[in-house]
Every structure is written in structure tokens, then in C-alpha cells.
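Each remark here refers to the structure printed beneath this line.
It should be emphasised that the depicted structure is a prediction, and the values quoted were computed from it without experimental measurement. Labels below follow one simple rule: chain letters A, B, ... track the order of the sequence lines, proteins then strands, and each chain is numbered from 1.
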Amino acid sequence: MSKHRVNRPEDLIVAGGGEYDQRHYEDHPELGTDLVSYEHVISPRSFELEREAIFSRCWINVGRDTWLPKIGSYFTRELEILRTSIIVVRGKDDKIRAFHNVCPHRGNKLVWEGHPGREKSGRCMAFFCKYHGLGFGLDGQMEVLRDPDNWFGSQGADLHLVEVPLESWNGFLFANFDREGPKQSLREYMGEHIWHALDDFPTELYETHVRGQGEINSNWKTLHDAFSEAWHGSTLHSEAMVGLRNVTFRAPPSRFDGPHRTAISRGTMPEGNFSFEIERIAQASFTGTQVPPARPIDAPRAAFPDGADDWVNVTYTVFPNFQFQIYRPGWVMTYNYWPLAHNRMRFEINQYHQQPRNFSELFALKSGVSLVLDNVFQDLGTLEATQRGLESQVYSSYPLIDEEHNIRHFHKTVDEWIKAYEAMSDGMA
Amino acid sequence: MYLPEQFGDLEVFVAAWDHPGTNERYAARLASTLPEMKAFFDAVLPLAEDIKSYLNALELDAFDEQDQCLARLMFAFAIVASAVEIYRQPMVPDSGATEFDMVVEPELGGK
């Protein structure tokens, strides 16, 4: 295989980095090079299978501990794919727990406001059901039983919320919905490499929280695919990301740890190389690594054990639907892909920034949010177009290029988990 | 007077562009025309460095109401900038199927 000339240094802003003669399919022969079926992106049956085979068995990220600053702080999460809602709360013992958000008396959703499908957050010392006023403590135990003489035996006094196993990955909270209990701890599920990947990150990274979400008529895996390759940037986002125009993007090889993966970006970032007035005023580039209210951080050790002067970004993808990205200027962005139906999803972005110290830093942060919004509108708009095209079934399979090896790995993983589930179900039948 | 006196030239833009958060600012962008956004952008641009210097001299949690209004205009400036400088229209091209909202964001003083 010939050497590939990557980007010229003068137009390299964010890119694969340097010249190399590696091809991903040679590194990962197990991924193959065949055309790939997208049947599981358009099939209602696959959606049902993913509920049982994947989302009921994997550890699922549901938030972060910094969203719960005080005893009694809580938030609810709607998990349509699992047909449930959970409450995540910091208890009086400072421990964070998750409970199914359902009153055990007659099944009413316990914590909600306005519309039962809407999420809620706040702070309280007990959860009271809106229906008959039963109260449950932050540990899920019965605290206030109404009309205690009217219950049969201990049926009322014994009521309690159903706890959901919850574990933390450097503050990121993962729940497990396996009805028989988790088959593995979160650490075993992630593997040692991913488990330790964030260990050296300073807590200052998480001081300021930004969150956005939206729904789109697309399968959840299609958005995962969009954000698992960067080469669409030089076409789809070429108007804003001037530095990516005409760049042939070649990403360095990803590292696969079972169903999870680590992807890195390397490149140089010429200072002061701005294309628009807003970039100059915000002192933030639209191309890839915007937003520096920021004290740059060292190259993450797990991804760059020998250090790196040219690192730009590291993305950890925790199967099935969570991505954690850290950017060199010292900020973090996470994505959650929430399936709602085979052709509808909710997309959630969380950003974490160091606390802005002055107006310029806050302005850079806000400009970055504005840029992310523009790009998300562009990405999500394209998704519905992709879903429509796939549903036409004009083609039965698709050629993923070498650059798209992350997507190949992801779809292979989805298929493997579904096959394993079906084999287990067949065995039981 | 909604703004610090030295930035009084921007008073005429307060009614249209002073909004409490990103969602409202983005909605104002989508509801406006390119000439309206360009007029606002062109008015803020030459003052932007002075505004930053003025606000940088203050503690973020010590902004008075006029300072906060000025800061919010700058955040609106950031929202309309791409529409004016890049897309030449309010909406990002081909984003007609998209809905997306900010749920948590720092405003003045951070969070």
C-alpha cells in the first residue's frame, strides 16, 4: 500500500496527522472489507431486539455526579428504549443511587411535573407520589404511609422503590437494567484500558456544565455513525470549518477494547488563523477545537503513553450509546444516542468546561455553544435524509471505506450482541 | 438607558436582540432577516474589542443590569455571526428537519 499524503501543513488544522502508510483494514482484518447491510437501521424488529439484547444488558450512561451537587439533589431520566424512567439522587449518606421512577402502590410515575414524559431535576428530602401522597426517602424506603390503618398487614409499610444498579466511571454514572442483575461490574464491562482512561484528568474540567438535546427522525445508530468518522466535516461543514476544506482526512487507527473504542486526532493548530470576524473576537477557531475559556491540558496518558505535542482530541466510545471526547484546549463533550423507535431518536450533548474567569472566556464558551448548535442542526438535518434514503431499500448493502472502520466495528458489535441474545433465547426455548 | 453610557449607540438593538438564553437568541435569529442581522452585526463589530475590555475589567458576578444587558447583546452577536458571515441566511442550510434546544448553559457568572 502506497504512502498517503495527508494534509499539507499549511492547511492542516485538525486532521489525522502526518503521513503514515497504515491502512485500518490491515490492522483489523476481523472487521473485513465487505459491503455492510443496514437492515438493522430500518427494521422495527431490530429495535425490539436491541431493547433486550443490548440496552437491557449493557451498562448505560445516565448522567454525571456533578449534576447532583448536594444531598437530596436529583434528576429523572426518561429511558423509552427500556420503557422506564429512573430517578438518580444523592442520598443523606452522600451516596448516589438510582431507582425506577414508579410508585409501588398503583404504578403511578413518581417524580414528574407538567407532562409525565418530561424530565425533572431539583432537590428534596423525600419523594411524594402525586396520586395518594405516599412518601419515599432518598434511599428508596417507605417514609410516609398515608392512612396506615387501612393497609392489609405490612403491605403498605413494606413498600419501597426498586433500585437500579449504578456505578461511576470517574463521575460518569452508568446504570444496568439486566433483570437478573449485572453480569459484570462496570469496570469488567469497560476493560482496564477504558476504565483508567480518565484517571489523570483534572476535576476543573467539569466545573461548568452545558447541555442540549433534540429529537430527529433517524435510527440512533445512524447518528453514532456520523460522529464516528470525521471525514464528513470537509464536505458537510465546509462552510464554517474553512480549515477542513479540501482536506483528505485520514484518522489514526482506533484502539478497540471489546465493544468499546478509543479514537484519537492529531494535528497542528496555527494560532490566530481565523477565517471569520467572530473567530477573531472570540479567539476561538470554528475548525474543530473551538472554545478555549481554557487552560490547555496535557495529552491524556492512556491515549498517548509517550506524550504528544500534536494531540487534538481523544474520543472514548462506550458501547452502546455513549461517547466521551476531550479536546486539547481543556474541555469535554459527551454524546448520548437514545433510541425512541427504529426511525426516531433523541440526541443529547453535554459539555464540561473550566469555570470562565472573565467575560472573554465566557464569550468564547458561548460562541462555541453557538457553533455546536449550527453544526448539530446540519448533522441532524442530514440524518433524516439518510434515514429516508435507507428506508427506500434501493440498495441492500453499503460500501464502508477504510476511514470508516469505527462504523464497521460498531455495526459488527451490534450484530454480535443480537446474535448472542438470539442464541441464548433459542437455547432457553 | 439599558446599556453602559459609552455603548449607547447599541441601545436601538436592545429590543430585538436582548434575550435571556441561547434558545431565545437562536429563535430571534431564525425569525429575523439577513439585513436585520447584518445591521446588528455591523454595529457591534467595531465595538466588540472595547466591549470585551470593558467587561473583562469587571468580576463576572459583579455585573450590574446594564453590564448584563451588554453581555447578552454580545451573546446574541455570537449567535447571529455565523448567519451573517457564513451562511448568509438565518437558518443553517438543509436543517429543516432539526429540532434541538439547550437545556443547561452558563449565563453571567457561570454555573
Side-chain angles (χ1 to χ4, degrees), chain A residues 67 119 121 207-218 236 239-240 242 275-284 286 293 347-351 353 355-385 387-388, chain B residues 21-23 25-26 29-30 41-42 44-61 63 67-68 70-72 74-89 91-111:
Chain A
W67 302 0
E119 294 180 341
S121 61
E207 284 170 343
T208 300
H209 181 205
V210 177
R211 177 177 174 188
Q213 63 184 38
E215 294 186 6
I216 193 78
N217 291 323
S218 160
L236 186 65
E239 292 149 305
V242 175
S275 308
F276 303 107
E277 296 287 1
I278 183 63
E279 294 178 296
R280 182 178 56 76
I281 292 163
Q283 287 293 300
F286 275 7
F347 177 46
E348 175 183 343
I349 290 182
N350 289 282
Q351 289 184 354
H353 298 267
Q355 179 81 33
R357 293 169 299 191
N358 57 36
F359 178 76
S360 281
E361 292 189 347
L362 179 60
F363 184 70
L365 191 161
K366 300 288 279 185
S367 301
V369 169
S370 171
L371 170 73
V372 166
L373 269 177
D374 280 346
N375 285 339
V376 163
F377 279 121
Q378 221 159 25
D379 284 311
L380 297 194
T382 303
L383 278 195
E384 179 162 338
Q387 189 72 25
R388 285 171 182 248
Chain B
T22 295
N23 293 335
R25 288 174 199 124
Y26 214 94
R29 162 174 156 176
L30 293 179
F41 181 86
D42 288 346
V44 174
L45 185 59
L47 300 173
E49 291 301 333
D50 288 345
I51 293 173
K52 276 171 56 184
S53 300
Y54 168 78
L55 292 176
N56 278 343
L58 306 170
E59 294 291 325
L60 279 171
D61 56 5
F63 283 21
D67 302 329
Q68 291 184 18
L70 183 64
R72 288 193 299 267
M74 284 295 283
F75 299 155
F77 170 77
I79 294 280
V80 304
S82 64
V84 172
E85 288 197 88
I86 303 172
Y87 304 114
R88 315 294 297 165
Q89 62 180 44
M91 190 176 94
V92 175
D94 300 334
S95 64
T98 304
E99 48 171 296
F100 195 86
D101 291 306
M102 300 312 298
V103 182
V104 177
E105 59 175 326
E107 281 293 326
L108 294 174
K111 260 188 185 172

Give the C-alpha distance, both sets of side-chain angles, the deciding distance and a yes or no for side-chain contact (heavy atoms from CB on, under 4.5 Å) between A:Trp67 and B:Val104.
CA-CA 11 Å; A:Trp67 302 0; B:Val104 177; over 6 Å; no

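- Rounding to the nearest 0.5 angstrom, the gap separating the OG atom in A:Ser360 from the CE atom in B:Met74 is 8.0 Å.
- Partner B:Ser82 forms a side chain to side chain contact (heavy atoms under 4.5 Å, CB included) with one of A:Leu371, A:Leu373, A:Asp374 and no other, that one being A:Asp374.
- B:Phe100 is not listed as a side-chain neighbour of A:Ile216, based on a closest heavy-atom distance of 4.5 Å or more.
- Residues that satisfy the salt bridge (Lys or Arg N to Asp or Glu O under 4.0 Å) test with B:Glu99, not counting sequence neighbours, are A:Arg344.
- Taking every heavy atom of both residues into account, A:Glu384 and B:Ala97 meet most closely at OE1-CB, 3.3 Å.
- In this structure a side-chain-to-backbone donor-acceptor pair under 3.5 Å is missing from A:Lys366 to B:Glu105.
- Within the 4.5 angstrom heavy-atom criterion, atoms from both the backbone and the side chain of B:Glu85 approach chain A.
- Heavy atoms closer than 4.5 Å to chain A are found in the side chain of B:Arg29, but not in its backbone.
- Chain B forms the most heavy-atom pairs under 4.5 Å with one residue out of A:Asn350, A:Val376, A:Ile281, A:Thr382, and that residue is A:Ile281.
- Residue-level contacts of residues 50-58 of chain B with chain A, in order of numbering, are B:Lys52, B:Leu55, B:Asn56; threshold 4.5 Å between heavy atoms.
- Residues B:Asp67 and A:Phe359 form no side-chain contact, since every pair of their non-hydrogen atoms from C-beta on lies 4.5 Å or further apart.
- A donor-acceptor pair under 3.5 Å is formed between the side chain of B:Thr98 and the backbone N or O of A:Phe377.
- Using a 4.5 Å cut-off between heavy atoms, B:Ala71 touches chain A through backbone and side chain atoms alike.
- In this structure A:Glu348 satisfies the salt bridge (Lys or Arg N to Asp or Glu O under 4.0 Å) test together with A:Arg77, A:Arg211, sequence neighbours excluded.
- Using a 4.5 Å cut-off between heavy atoms, B:Asp94 touches chain A through its backbone atoms (N, CA, C, O) alone.
- You'll find the side chain of A:Leu380 stays beyond 4.5 Å of the side chain of B:Ser95, heavy atoms only.
- In this structure, A:Pro356 and B:Leu60 approach most closely via the heavy-atom pair O-CD1, 3.5 Å.
- Pairing each heavy atom of A:Leu362 with each of B:Glu107, the nearest pair is CD2-O, 3.7 Å.
- Closest of all the heavy-atom pairs between B:Ala78 and A:Ser370 is O-OG, 3.2 Å.
- For the salt bridge (Lys or Arg N to Asp or Glu O under 4.0 Å) test, residues two or more places apart in sequence or in another chain that qualify with A:Glu277 are A:Arg280.
- Residues B:Val103 and A:Val210 are not in side-chain contact: their nearest non-hydrogen atoms beyond the backbone lie 4.5 Å or more apart.
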